[in-house]
Every structure is written in C-alpha cells, then in structure tokens.
Amino acid sequence: MEQQFISTLSDSTFELNSGSVSAKSPSNIALVKYWGKKKNQIPTNSSISYTLTNSFTETELKFSPKTTENFEVEVYLEGEFKESFAPKIITFFERITAYIPFLNHFKFEVHTHNSFPHSSGIASSASGMSAMALCLVQIENLLGANLSEENALKKASFLARLGSGSACRSVYKGLVEWGENDFISGSSDLYGTKYPDAEIDDIFKTFHDTILLIHEGQKSVSSTVGHNLMNGHPYAERRFVEANDNLKTLLPILKSGDIKAFGELVEHEALTLHAMMMMSNPAFILMKPNTVAALEKLWEFRRETGKHLYFTLDAGANVHLLYPEQDAKEIEVFIENELKQFCQNGNYIKDKVSF
C-alpha cells in the first residue's frame, strides 16, 4: 500500500530554482481517541476527529538548491529562529525520503505561525505537520508530479502521519477517521479518511468547540511517552477493542442526530483516555484540579438546564466544550460567568467545527 505514495520523479527532474510554497492547516480534536501505536506511526485502534476552524497553523516553506549531503533545515516560529525545532523536522524528513526524494536537493526554511499561543497547551503538532506535508506535496507538483487534488490530499495525509499520527486527520475538513476497520469504507492505517458529510446529521455540523485553557505550557508527560506506555499496559488490548466498538457505535448516532447519545459516548471516551494514563506503569495524571472542577460545574449546569453541553479532553489538562449552535447563546454566557474562572489567566479559545 505504501508503494502508491512513492514519487514518480527522478533526480534529473529536480531542476527548480529557489522558491516558496505555503499552506494553512487546522488542528483537530478526537471524539474517539487513538492511544498507543505500532512501528511507523501505525495506530493500534481507529479514531475519528472534528477538524476545527480557528485553531490553525500557517506555514511557508522556502527552498533553494544546495550541494551538501545532509538535510538543511532552519525553523522560524512567529518570526523567531528556533534551532531546537530543526531536529524534529529532520527526523520527519528521514522518515519520508522514500516518498519525497527531493528533500536532499534543497535547503529549507520553515516559517510557521499558530493562530493560538504556542504555550497555550493546544497541541500544534497536528496542524503543524499537516501544513508541512501540504507544502511538500505542492513542491512535488511544481517539480512535475501532476498529482490530482484528491491524490495530493491523500499523500499529504500519509506524509503528515509520519510526522505526527493525528496530523493525518487535519488535512481534511469535517469528521475524519483514521485506522483500518471493517465498518468504514476506505479506512486505512496509512492516512486519514474524510467521513461522508451525507452520513452526518446537520446538527453535528453546527457544533462549537470552546477550549478551556486550564494549563498553559508543557505537559509533564509527552504524548509520545504516553503512547509508548501502552506497550505492555495491562488493559491495552481491551482498550483497543473498546475504541473500535465505540467508533462503530458512534456512526449511527451521527446519522440520527441523537445529541445526548453523542455526548455520553464522547465523554466516556475522554475519561477512558485519562484512565489509561492513570493505570500506566509508571502512572501519570495530566488533568489538573481545575480540570475536574470545570467538569463538575459542567455536569451541574447540564442537570439544571438540560442544555446540550458536553466535553472531551485532549492528552492534557485542557477541556474542549462541545455544543450545538442552537444552545450556543446560553452556554457561552455560562462559560464566561462560571467556567472561565478555572482557566489559567482566564484564557479560553472560541472555536467551531469546520465543514
């Protein structure tokens, strides 16, 4: 399957002067989580995520011919040179050289910008790596690959996965699935697959995602370390089965428009993710006291008002509040008056799903 992404270009075609390309790619938030991976960024279970609108990375990739043998990469974040960022890009390049053979023919400057504060606790790897992959596919087409739009996006998703697993889902809008299974047509471990809009009730296309920034800054345990702790985890195999079952259960819910069933499943998934962390060896906790306080306040609000306000959690302390447009006005007053107090520096991000 990987062979389909090997470039048709040969060394003799790399006759391109200096230039630049750019891409904008959003972050995403998983509803059914993947936690644990195999060799070469292969997921241990299927997942599905909402692509967001306002939380994105914009990347300009400048390139110029070079004669040295080693990869040459300089990275600038918000205009500031970041020497420490280059090794991650070089590791990414090493993984994808078989599919992007021109990487050693050019020197690259990466100029990247996030719409959200870098230290806000919003993972930028998904949006950042997908933007990078989209840039590389553009250069491949400039060199004469002539990939169609569909094939270019598919290859970008494949490449992005090799930089950051969840990045493969940020290439597409809407709901995006990743991980091979027998109940979603076209599903693959190698790239994300856009879930058909026609199979999603309109109510789920109006959802807001307000992100409570409970903790701004670096996590105590990285996602990479967390994924690796699933190797030998006593409940890992059961979790992988449950995640696939939950995704299968979610699909008819998306079709029917049952918001309550949607919220209950998504919240269960989020709490299961963090339960797996707490049962790892060594155990770790990424939620903070204010994470728990915010969830308790949310549950109280839902019991009292009946409004459709639900949550999911990323691999960190922050809370993603999910709610439909029809309830947005009252819920956003509640967020400002009751939940903002749990955010570090009172900061939260208002976002919505992208369709």
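Here the structure is a predicted model, which means the values were calculated and not measured.
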K.L.:
Report yes or no: do Asp209 and His320 form a side-chain donor-acceptor pair below 3.5 Å?
P.N.:
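There is such a pair between these side chains.
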
K.L.:
Before giving the answer on ring pair (Phe, Tyr, Trp, His ring centres under 6.0 Å), spell out for His208 and Tyr323 the whole-Å C-alpha distance, their side-chain angles and the decisive distance to 0.1 Å.
P.N.:
CA-CA 5 Å; His208 293 241; Tyr323 50 96; 5.1 Å; yes

K.L.:
Mind listing the closest non-hydrogen atom pair of Asp189 and Pro43 along with its distance?
P.N.:
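Result for this residue pair: O-CD, 3.7 Å.
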
K.L.:
Between Lys350 and Glu332, is there a side-chain N and carboxylate O pair less than 4.0 Å apart?
P.N.:
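A salt bridge is present here (some side-chain N lies under 4.0 Å from a carboxylate O).
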
K.L.:
Check whether the ring centres of Phe85 and Tyr76 lie less than 6.0 Å apart, and answer yes or no.
P.N.:
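For Phe85 and Tyr76, the ring centres are not under 6.0 Å apart.
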
K.L.:
Is it true that a side-chain atom of Lys66 and a backbone atom of Asn70 form a donor plus acceptor pair closer than 3.5 Å?
P.N.:
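Looks like yes, one N/O pair under 3.5 Å.
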
K.L.:
Hey, any chance Ile29 and Leu175 share a hydrophobic cluster, counting ILVMFWY side chains that come within less than 4.5 Å of each other, even indirectly?
P.N.:
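Both belong to a single hydrophobic cluster.
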
K.L.:
Is a side-chain donor or acceptor of Asp351 paired with a backbone partner of Leu52 at a separation under 3.5 angstrom?
P.N.:
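No, Asp351 side chain to Leu52 backbone: no donor-acceptor pair under 3.5 Å.
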
K.L.:
Any carboxylate oxygen within less than 4.0 angstrom of a Lys/Arg side-chain nitrogen, looking at Lys255 and Glu199?
P.N.:
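Between Glu199 and Lys255 there is a salt bridge, with a charged N closer than 4.0 Å to a carboxylate O.
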
K.L.:
As an exercise, state the distance from CG of Leu247 to CD of Glu177, rounded to the nearest 0.5 Å.
P.N.:
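Rounded to the nearest 0.5 Å, the CG-CD separation comes to 6.0 Å.
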
K.L.:
Any side-chain donor paired with an acceptor under 3.5 Å for Ser130 and Ser25?
P.N.:
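Looking only at side-chain atoms, Ser25 and Ser130 do form a donor-acceptor pair, the distance falling under 3.5 Å.
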
K.L.:
Minimum heavy-atom separation for Ala133 and Leu159, please, with both atom names.
P.N.:
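Of all heavy-atom pairs spanning Ala133 and Leu159, the closest is CB-CB, 4.0 Å.
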
K.L.:
So which of Tyr191, Phe5, Trp178 actually passes ring pair (Phe, Tyr, Trp, His ring centres under 6.0 Å) with Phe158?
P.N.:
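Answer to the ring pair (Phe, Tyr, Trp, His ring centres under 6.0 Å) test with Phe158 among Tyr191, Phe5, Trp178: Phe5.
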
K.L.:
Tell me if a side-chain donor or acceptor on Thr51 pairs with a main-chain N or O of Ser170 at a distance below 3.5 Å.
P.N.:
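Not a single qualifying donor-acceptor pair exists.
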
K.L.:
Determine whether His227 and Trp35 make a side-chain contact, defined as any pair of heavy atoms from C-beta on separated by less than 4.5 Å.
P.N.:
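In contact.
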
K.L.:
Would you find a donor on one side and an acceptor on the other, under 3.5 Å apart, between the side chain of Ser157 and the backbone of Leu153?
P.N.:
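No; judged by distance alone, with no hydrogens or angles, the pair does not exist.
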
K.L.:
Would a distance-only check, ignoring hydrogens and angles, find a side-chain to backbone donor-acceptor pair under 3.5 Å from Thr57 to Asn114?
P.N.:
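A pair under 3.5 Å: no.
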
K.L.:
Would you say the side-chain atoms of Lys219 and Ser223 include a donor-acceptor pair closer than 3.5 Å?
P.N.:
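Present: a donor and an acceptor within the cut-off.
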
K.L.:
Step by step, would you call Tyr50 with Asn28 a side-chain contact (heavy atoms from CB on, under 4.5 Å)?
P.N.:
CA-CA 6 Å; Tyr50 264 137; Asn28 68 73; over 6 Å; no

K.L.:
Do the side chains of Glu60 and Glu109 get nearer than 4.5 Å, heavy atoms only?
P.N.:
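Answer no - side chains too far apart.
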
K.L.:
Out of Phe71, Phe63, Phe93, which residue meets the ring pair (Phe, Tyr, Trp, His ring centres under 6.0 Å) rule with Phe106?
P.N.:
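Result for ring pair (Phe, Tyr, Trp, His ring centres under 6.0 Å) with Phe106: Phe63.
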
K.L.:
Would you say the side-chain atoms of Glu2 and Tyr99 include a donor-acceptor pair closer than 3.5 Å?
P.N.:
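Per modelled atom types, Glu2 and Tyr99 side chains form no pair under 3.5 Å.
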
K.L.:
Would you say Gln41's side chain and Arg161's backbone share a donor-acceptor pair under 3.5 angstrom?
P.N.:
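Yes; judged by distance alone, with no hydrogens or angles, the pair exists.
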
K.L.:
What I want to check is whether the side chains of Ser127 and Ser27 have a donor and an acceptor closer together than 3.5 Å.
P.N.:
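The criterion, which ignores hydrogens and geometry beyond distance, is not satisfied for Ser27 and Ser127.
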
K.L.:
Would you call Lys205 and Asp202 a salt bridge, using N to O less than 4.0 angstrom?
P.N.:
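Yes.
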
K.L.:
For Ser125 versus Lys88, what's the shortest heavy-atom pair and its separation?
P.N.:
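The answer is CB-NZ, 4.0 Å.
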
K.L.:
Looking only at heavy atoms, which two atoms of Gly186 and Thr193 are closest? And how far apart?
P.N.:
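So the minimum-distance heavy-atom pair works out to O-OG1, 3.2 Å.
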
K.L.:
Check this for me, if you would: do Lys33 and Glu242 make a salt bridge, where the nitrogen-to-carboxylate-oxygen distance has to be below 4.0 angstrom?
P.N.:
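Answer for the salt bridge query: no.
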
K.L.:
Between the side chains of Glu69 and Asn104, is a donor N or O closer than 3.5 angstrom to an acceptor N or O?
P.N.:
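Side chains of Glu69 and Asn104: no pair found under 3.5 Å.
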
K.L.:
Answer yes if the side chains of Glu304 and Trp299 hold a donor-acceptor pair under 3.5 Å, and no otherwise.
P.N.:
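Short answer, no.
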
K.L.:
Are any of the side-chain heavy atoms of Leu103 and Leu136 separated by less than 4.5 Å?
P.N.:
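Yes. Closest side-chain heavy atoms under 4.5 Å.
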
K.L.:
For Gln341 and Asn337, which I'm curious about, is there any donor-acceptor pair between the side chains at under 3.5 Å?
P.N.:
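Result is no, nothing qualifies.
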
K.L.:
Quick one: do Lys154 and Glu150 make a salt bridge, cutoff under 4.0 Å?
P.N.:
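No, no charged N to carboxylate O under 4.0 Å.
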
K.L.:
If we only count heavy atoms from C-beta on, is the Leu213 to Phe116 side-chain gap below 4.5 Å?
P.N.:
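The answer is no, as the side chains (C-beta and beyond) never meet within the 4.5 Å cut-off.
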
K.L.:
Please determine if Glu264 and Arg302 form a salt bridge, counting it only when a charged side-chain N lies under 4.0 Å from a carboxylate O.
P.N.:
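Result for this pair is no, no salt bridge flagged.
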
K.L.:
Do the side chain of Ser280 and the main chain of Ala283 share a donor and acceptor less than 3.5 angstrom apart?
P.N.:
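No: the side chain of Ser280 does not pair with the backbone of Ala283.
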
K.L.:
Search all heavy atoms of Lys37 against all heavy atoms of Asn231 and return the closest pair with its distance.
P.N.:
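Looking at all heavy atoms of both residues, the closest pair is O-OD1, 4.3 Å.
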
K.L.:
Looking at His215, is its backbone amide N or carbonyl O close enough to the side chain of Asn318 to form a donor-acceptor pair, meaning the two atoms are under 3.5 Å apart?
P.N.:
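Side chain of Asn318 to backbone of His215: a pair is present.
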
K.L.:
Please determine if Lys173 forms a cation-pi arrangement with Phe355, meaning its NZ or CZ atom is less than 6.0 Å from the six-membered ring centre and no more than 45° off the ring axis.
P.N.:
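Verdict for Phe355: no cation-pi partner in Lys173.
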
K.L.:
For the residue pair Phe262 and Phe204, is the inter-centroid distance of their aromatic rings smaller than 6.0 Å?
P.N.:
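Yes, ring centres under 6.0 Å apart.
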
K.L.:
Got a donor-acceptor contact below 3.5 angstrom from the Glu336 side chain to the Val333 backbone?
P.N.:
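No; judged by distance alone, with no hydrogens or angles, the pair does not exist.
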
K.L.:
Tell me the closest heavy-atom pair linking Leu286 and Met277, and the distance in Å.
P.N.:
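Reported closest heavy-atom pair: CD1-SD, 3.8 Å.
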
K.L.:
Would you kindly say whether Ser7 and Glu140 are connected by a side-chain donor-acceptor distance under 3.5 Å?
P.N.:
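Yes - a donor-acceptor pair under 3.5 Å links their side chains.
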
K.L.:
Is the backbone of Gly179 close enough, under 3.5 Å, to the side chain of Ser46 for a donor and an acceptor to pair up by distance?
P.N.:
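Yes, because the side chain of Ser46 sits within donor-acceptor range (under 3.5 Å) of the backbone of Gly179.
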
K.L.:
Give, for atom OH of Tyr34 and atom CG of Asn45, the distance between the pair rounded to the nearest 0.5 Å.
P.N.:
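Atom-to-atom, Tyr34:OH and Asn45:CG are 9.5 Å apart.
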
